[in-house]
2 protein chains.
Amino acid sequence: MIGDADDRPDLGAMLVRLARSLLVVEKPILEAHDISMWGYAVLTALRDEPMRTQTALARSIGADKTRIIAILDELQRRELIDRDPDPADRRVRLLRLTASGRAVQSEAQAAIRAAEATLLDQLPPPDRQAFLQALVTLDNAAA
Amino acid sequence: MIGDADDRPDLGAMLVRLARSLLVVEKPILEAHDISMWGYAVLTALRDEPMRTQTALARSIGADKTRIIAILDELQRRELIDRDPDPADRRVRLLRLTASGRAVQSEAQAAIRAAEATLLDQLPPPDRQAFLQALVTLDNAAA
DNA sequence: TATTGTTATACTCTATAACTATA
DNA sequence: TATAGTTATAGAGTATAACAATA
């Protein structure tokens, strides 16, 4: 284990702390754009591709299908998403962003990324790139 | 922003997902050692140094002072910690690990570290070191 | 009066199960 | 019968405020 730098906090402890501090920073940003954390997660998931069922959307953002219903109600009411029954199978709801929803997601994400940059600026640029790359790798592996 | 690799999930999203998946992996490990997540956090904080007040301990692990009371009750009942009134100021409780508490923390941490290694093994060793180093830097900065 | 620890309460988040409507 | 969506309920986790003991 020589050189393994084991004299550090547990990985889980550091990740939980960092995740929590990021959520604290991002909360007021999302509030400024008048959306919730889950609302933002939904908009971001739908930006990449429309979804054919609410269950699939829920799973893609790591939520329960019952948990996103109130979120979808709100997003639909504000006309940020379309949510239409599929004519081919009237049980399912076709979900996609409206132009307005796409704009809100884009603006919120820009603000989020700027806040992230403030944190990441504490790493020298090469370390920063390596960190993000490793994070993406682990994120894909964990999924 | 050339070369900034912005085509990735938000930093917060990745950190939350990774933190959650680590908690899922670690939960059965801690259960096998018959301690809770917060119990483990308390034992680990006290391993590094005894604490003079419960409030200080709570803050050091990012918890509320009211939230650790049941945890301390349990740890004390099982004789994993000592929790004695300070003769110099009878309001405060002096907190430190017992020999037994130190052993439980040590065994649990070894198991936790082994589980972490399984995840980290998905990174090439040099990337792994860089990732951990960056994480420690950000963790210190965020505190 | 200020502080430590404690208790009580309420609030948020989440998980589970039961219901409807379609297939 | 099986599935998508919905609703209702209960549970866990958390935050806030009030209280007792001590300084």
Side-chain angles (χ1 to χ4, degrees), chain A residues 12-13 15-17 19-24 26-28 30-31 35-42 45-46 49-77 81-96, chain B residues 12-13 16-17 19-24 26-28 30-31 35-42 45-46 50-77 81-96:
Chain A
L15 287 175
V16 167
R17 270 197 295 270
R20 182 158 49 180
S21 72
L22 258 172
L23 290 182
V24 167
E26 295 180 356
K27 191 176 174 191
L30 292 176
E31 280 172 357
I35 50 179
S36 68
M37 203 86 61
W38 285 111
Y40 177 69
V42 166
L46 291 179
E49 47 175 357
M51 301 240 177
R52 222 186 68 84
T53 74
Q54 296 182 181
T55 302
L57 170 62
R59 193 169 39 225
S60 82
I61 62 174
D64 191 274
K65 66 173 179 173
T66 66
R67 224 158 68 201
I68 64 170
I69 290 182
I71 312 293
L72 294 177
D73 289 346
E74 164 83 2
L75 293 176
Q76 182 181 25
R77 187 185 63 71
I81 62 170
D82 283 328
R83 188 197 200 185
D84 302 310
D86 182 348
D89 183 345
R90 307 256 316 282
R91 292 175 303 180
V92 317
R93 304 277 178 274
L94 302 176
L95 302 165
R96 57 191 161 81
Chain B
V16 167
R17 270 196 295 268
R20 183 159 49 181
S21 73
L22 258 172
L23 291 182
V24 168
E26 295 181 357
K27 191 177 174 189
L30 292 176
E31 280 172 359
I35 51 179
S36 67
M37 203 86 62
W38 285 112
Y40 176 69
V42 165
L46 289 179
M51 300 240 177
R52 222 185 67 83
T53 74
Q54 296 182 183
T55 301
L57 170 62
R59 193 169 39 224
S60 82
I61 62 174
D64 191 274
K65 66 172 178 174
T66 65
R67 221 157 70 200
I68 64 170
I69 291 182
I71 312 293
L72 294 176
D73 289 346
E74 165 84 1
L75 293 176
Q76 182 181 25
R77 187 185 62 73
I81 62 170
D82 284 328
R83 189 197 200 184
D84 303 310
D86 182 348
D89 182 344
R90 305 255 317 281
R91 291 174 304 179
V92 318
R93 304 275 176 277
L94 302 175
L95 303 165
R96 57 192 161 81

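Model, not experiment: these values are computed from the prediction. Chain A is the first sequence line, chain B the second, and so forth, proteins listed ahead of strands; every chain is numbered from 1.
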Can you tell which of A:L23, A:L15, A:V16 makes a side-chain contact (heavy atoms from CB on, under 4.5 Å) with B:V16? A:L23
Between the protein and nucleotides 9-14 of chain D, list every N/O to N/O distance that falls short of 3.5 Å.
| unit_1 | atom_1 | unit_2 | atom_2 | d |
| --- | --- | --- | --- | --- |
| D:dT14 | OP2 | B:W38 | NE1 | 3.3 |

Hey, are the side chains of B:Q54 and B:K65 touching, using non-hydrogen atoms and a 4.5 Å cut-off? no
In whole Å, what is the span from the NZ atom of A:K27 to the P atom of D:dA15? 10 Å
Between B:L72 and B:I69, is any pair of side-chain heavy atoms under 4.5 Å apart? no
When you measure from the side chain of B:R83, which nucleotide among D:dT16, C:dA15, C:dT6 comes out closest? C:dT6
Close side-chain approach of A:I61 to A:I68, heavy-atom, < 4.5 Å: yes
Does any part of the side chain of A:L75, heavy atoms only, come nearer than 4.5 Å to the side chain of A:R83, both counted from C-beta? no
Using atom CG of A:L72 as one end and atom C1' of D:dA4 as the other, report the distance to the nearest whole Å. 13 Å
pair A:D82-A:L94: side-chain heavy atoms closer than 4.5 Å: no
What I want to find out is whether B:D86 reaches B:R52 closely enough, with some N-O distance under 4.0 Å, to be called a salt bridge. yes
Please state whether the phosphate of C:dG5, meaning OP1 or OP2, lies under 4.0 angstrom from any side-chain nitrogen or oxygen of B:T55. yes
Check whether any side-chain heavy atom of A:M51 lies under 4.5 Å from a side-chain heavy atom of A:L46, and answer yes or no. yes
Between CD1 of B:I81 and P of C:dG5 the distance, given in whole Å, is 12 Å
Mind running a 4.0 Å heavy-atom check of residues 86-96 of chain B against DNA chain D and sending the residues that fall below it, in number order? B:D89, B:R90, B:R91
Could you tell me the separation between the CG atom of A:D64 and the C1' atom of C:dC13, rounded to a whole number of Å? 12 Å
Could you tell me the separation between the CD1 atom of A:I69 and the C1' atom of C:dA21, rounded to a whole number of Å? 14 Å
Spacing between B:L23 atom CG and C:dC13 atom C1', to the nearest angstrom: 16 Å
Which nucleotide in the list D:dA15, C:dT6, D:dA4 gets nearest to the side chain of B:Q54? C:dT6
In whole angstroms, how far is the C1' atom of C:dT4 from the CD1 atom of B:I68? 11 Å
Respond yes when some side-chain nitrogen or oxygen of B:R52 is under 4.0 Å from OP1 or OP2 of C:dT3, and no when none is. no
To the nearest angstrom, how far is A:K65 atom NZ from C:dA21 atom P? 16 Å
Side-chain touch B:T53/B:L95, heavy atoms, less than 4.5 angstrom: no
